[in-house]
Amino acid sequence: LLFFIRTDVASVSPWSAPIIWEGNFDSTLIDSIYKQQNLTIATTVFALGKYTRFVKDFLESAEQHYFVGFRVHYYLFTDQPESVPEVKMGENRSLTVQNVPSLNRWQDISMSRMEKLENLIENELVNEADYIFCLDIDTKFYGRWGAETLGRLVGVIHPWFFDAPRSQFTYERRPESKAYIPVEEGDYYYAGAAFGGSLEDVHHLTKTCREQLNIDAANSIEAVWQEESHLNKYFLLNKPSKLLSPEYMWRDINEKAAQIKIVRFTNVPKNYAEVRPNP
Ligand SMILES: *[C@@H]1O[C@H](CO)[C@@H](O)[C@H](O)[C@H]1NC(C)=O
Ligand SMILES: *[C@@H]1O[C@H](CO)[C@@H](O)[C@H](O)[C@H]1NC(C)=O
């Protein structure tokens, strides 16, 4: 039996995709199945400007909790390769640092990500990786993130909206934007800070979002939450095959909620005014 039932949270989406919560999967069994496949998990992060300060904690905590016992290849995009700290990697784990130009607005940094990911998958990952996860760098692991998260197309339910009514979701509401979602539509509000899946599916996601972001830019409109708004539109039209509960992208290690039995991965609290290049 791979999945158990928890009664205080939904274990499947309306389209029958599993939703991964502590208590509804057997980690030992899942590991034994996936370990036979000799998988490589590509994992991307972006650390531009002052965000390089988050790299050390991200990598060190990932080495303790993230796909332990699997082959993981981190790809770190940064405009300051010289400031990437030395982090000891385990066996079958490696880090590639890719130099990218500095950008002056955090909104532009967010928007250029999709294009960088699309190119990485096309040019470097084919035949090199089986799955990819794209994660924010201002984060830290506190608990297991393992093979239970693998799937064709994987989204994470946003920690601020998992028990909120749809009317409160911060989707883009202007019909002029390609990210537009009408008030009567939408399944979940997904976090832009973590998504993943097979190379083919994530390539399609990044290509589509990049195209939609470009159309918006040509029309001089910027979606309310940039990339996250476009990701939400993408997941509305292309339903994820697996959803991760907010255990996999929590707000802060010190915050509690009755449904959250374990915090696996969190945002690191920060002063936005201090780390972003512009307001
Ligand atoms: C597992 O995959 C890696 C990288 O793709 C490869 O170098 C290695 O030979 C594979 N090992 C086995 C046992 O197939
Ligand atoms: C590294 O991968 C090889 C297969 O390519 C495997 O035999 C070995 O056990 C792995 N090492 C660890 C520490 O997972």
Side-chain angles (χ1 to χ4, degrees), residues 1-3 18 20 22 24-47 54-78 81 84-100 113-114 116-137 139-154 156 194-207 240-242 244 247-249 262-266:
L1 198 72
L2 271 184
F3 294 95
I20 308 301
E22 175 69 5
N24 71 5
F25 65 92
D26 180 336
S27 55
T28 311
L29 187 55
I30 286 183
D31 280 351
S32 69
I33 292 168
Y34 280 98
K35 276 192 181 160
Q36 294 164 10
Q37 300 181 32
N38 193 27
L39 299 171
T40 299
I41 321 296
T43 302
T44 63
V45 281
F46 286 73
F54 299 111
V55 170
K56 191 165 192 289
D57 266 6
F58 173 89
L59 288 174
E60 285 180 353
S61 63
E63 283 301 285
Q64 283 177 40
H65 299 292
Y66 179 75
F67 283 105
V68 173
F70 287 81
R71 193 176 302 281
V72 170
H73 193 156
Y74 304 98
Y75 293 84
L76 168 63
F77 294 83
T78 182
V84 173
E86 198 69 40
V87 173
K88 193 176 175 319
M89 296 280 156
E91 195 187 336
N92 298 333
R93 309 188 57 111
S94 58
L95 170 68
T96 298
V97 177
Q98 301 220 346
N99 199 359
V100 292
R113 272 212 307 186
M114 290 294 182
K116 297 279 187 320
L117 295 172
E118 181 189 352
N119 292 338
L120 177 77
I121 296 170
E122 272 174 28
N123 301 334
E124 296 191 38
L125 297 190
V126 180
N127 303 324
E128 290 295 322
D130 301 285
Y131 291 95
I132 178 170
F133 277 99
C134 310
L135 306 177
D136 271 7
I137 190 70
T139 52
K140 189 171 169 179
F141 292 89
Y142 289 90
R144 175 195 165 101
W145 177 316
E148 73 280 3
T149 64
L150 294 174
R152 189 177 53 72
L153 184 61
V154 183
V156 184
F195 56 90
S198 72
L199 293 188
E200 190 183 347
D201 282 80
V202 177
H203 182 258
H204 188 254
L205 179 160
T206 55
K207 180 173 188 289
S241 65
K242 185 175 275 187
L244 307 183
E247 295 163 6
Y248 291 87
M249 184 67 252
I262 173 174
V263 172
R264 304 171 187 283
F265 186 53
T266 72

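In each ligand, atom 1 is the first atom listed, and ligand 1 is the first ligand listed. The figures that follow rest on heavy atoms only: side chains count, while hydrogens, waters and symmetry mates do not. Throughout, residue positions are numbered sequentially from 1 according to the sequence presented.
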Verify, without hydrogens or angle tests, whether Ser241 (side chain) and Leu153 (backbone) share a donor-acceptor contact under 3.5 angstrom.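 Yes: the side chain of Ser241 pairs with the backbone of Leu153.
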Do Thr40 and His73 have side-chain N/O donor and acceptor atoms under 3.5 Å apart?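 The criterion, which ignores hydrogens and geometry beyond distance, is not satisfied for His73 and Thr40.
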Which heavy atom of Gly90 sits nearest a heavy atom of Glu63, and at what distance? N-OE1, 2.8 Å
Listed partners of Ile262 passing side-chain contact (heavy atoms from CB on, under 4.5 Å), at least two apart: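 So Ile262 forms a side-chain contact (heavy atoms from CB on, under 4.5 Å) with Glu22, Glu247, Arg264.
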Ligand-protein N/O pairs under 3.5 Å (ligand 1):
unit_1, atom_1, unit_2, atom_2, d
ligand 1, 2 (O), Asn38, ND2, 2.5
ligand 1, 11 (N), Asn38, ND2, 2.8
ligand 1, 14 (O), Asn38, ND2, 3.1

Once ring-ring contact (aromatic ring centres under 6.0 Å, His included) is applied, do any residues pair with Tyr34, and if so which ones, sequence neighbours excluded?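 Once residues adjacent in sequence are excluded, Tyr34 has no partner under the ring-ring contact (aromatic ring centres under 6.0 Å, His included) criterion.
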Could I get the full list of ring-ring contact (aromatic ring centres under 6.0 Å, His included) partners for His65, not counting sequence neighbours?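 None.
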